[in-house]
Amino acid sequence: MENSPILSPPVLPFGFFTLHDYATGMAVCHAAREAGVLNAQTALAPFGFLSAPGAACFMGAPWWQALIRQLEQASGCAYFHVLDCGTSVGHAALARTQGQKSVILEGEAERIAAAGVLYQTSGGLLFSVRPPSFDLTGPLCTKTHLAAYFMRSYCQ
């Protein structure tokens, strides 16, 4: 299956980061500022955040939205963000009713199409495949890896 959204927004970010917690998000924002990607005039970041795989099923949309709000308030910038619902159509539908605009829903094409109708009619965006993302987990030196990513010297 092609890695593309079912509905295309005007502009997708140039890349995504997998966001696990507030500290990781702030590390990304700090590195982006140091690399000149974000500045005081940046209203919408050129990168976005994806939740951990299946996060809607174990954390829920309200948790995800609160995390994003905290990052936006702290950084003074808005972010394109996507909540991963795994294969749960129910969580994808619930997330939309709770105000989540963009989700990832994987699985059977018929189930994705059914959820796609909800997202299409309500102005949301449904990804049928998880987009590639930079994931800051494991024993990485966060500052070094983020600097390399934003300077485009990191193997992608």
Asks: Quick one: sort the F47 and F14 rings into parallel, tilted or perpendicular, breaks at 30° and 60°.
Replies: perpendicular

Asks: Mind checking what makes side chain to side chain donor-acceptor pair (under 3.5 Å) contact with S102, not counting sequence neighbours?
Replies: none

Asks: How long is the straight-line distance from CG of L50 back to CZ of F127, given to the nearest 0.5 Å?
Replies: 7.5 Å

Asks: May I ask you to test the H20-D135 pair for a side-chain heavy-atom distance under 4.5 Å?
Replies: yes

Asks: Whether the side chain of R96 engages the backbone of L125 through a donor-acceptor N/O pair (distance < 3.5 Å, no angle test) should be reported.
Replies: no

Asks: Between L38 and C77, which heavy-atom pair has the shortest distance, and what is it?
Replies: CD2-SG, 3.9 Å

Asks: Please check: side-chain N/O of S122 versus main-chain N/O of L118, any donor-acceptor pairing under 3.5 Å?
Replies: yes

Asks: Atom SG of C85 and atom CG of L126: how far apart are they, to the nearest 0.5 Å?
Replies: 8.5 Å

Asks: Restricting to non-hydrogen atoms, name the atom on Y119 and the atom on A92 that form the minimum distance, rounded to 0.1 Å.
Replies: OH-O, 2.6 Å

Asks: Does S51 use its side chain to pair, donor to acceptor, with the backbone of D84 at less than 3.5 Å?
Replies: yes

Asks: For S128 and E106, which heavy atoms make the closest approach, and how far apart are they?
Replies: O-CG, 3.6 Å

Asks: Any idea which heavy atoms bring P53 and F58 closest together, and the distance?
Replies: O-CE2, 3.6 Å

Asks: Just how far is it from atom CD1 of I68 to atom OH of Y22, taken to the nearest 0.5 Å?
Replies: 11.5 Å

Asks: Any donor-acceptor pair under 3.5 Å linking the side chain of Q100 with the backbone of A93?
Replies: no

Asks: May I have the step-by-step check of side-chain contact (heavy atoms from CB on, under 4.5 Å) for F49 and V82, ending in yes or no?
Replies: CA-CA 6 Å; F49 289 114; V82 186; over 6 Å; no

Asks: Nearest 0.5 Å, what's the NZ-NE2 distance between K101 and H81?
Replies: 9.5 Å

Asks: OH/Y79 to CG/L71 distance, rounded to the nearest 0.5 angstrom?
Replies: 6.5 Å

Asks: If you round to the nearest 0.5 Å, how far is CG of L83 from CG of L19?
Replies: 11.0 Å

Asks: Taking all heavy atoms of A115 and all of L105, pick out the closest pair and write down the distance.
Replies: CB-CD2, 3.5 Å

Asks: Can you see which heavy atom on V37 is nearest to which on P46, and at what distance?
Replies: CG1-CG, 3.4 Å

Asks: Do L94 and V117 belong to the same hydrophobic cluster, where Ile, Leu, Val, Met, Phe, Trp and Tyr are linked whenever their side-chain heavy atoms lie under 4.5 Å apart, directly or via other members?
Replies: no

Asks: Would you please name every residue forming a side chain to side chain donor-acceptor pair (under 3.5 Å) with T42, sequence neighbours left out?
Replies: N39

Asks: Taking side chain to side chain donor-acceptor pair (under 3.5 Å) as the test, write out the residues that go with H91, two or more places apart.
Replies: S88

Asks: Give the intermediate values and the outcome of side chain to side chain donor-acceptor pair (under 3.5 Å) for residues T18 and R130.
Replies: CA-CA 11 Å; T18 298; R130 186 175 173 86; 3.2 Å; yes

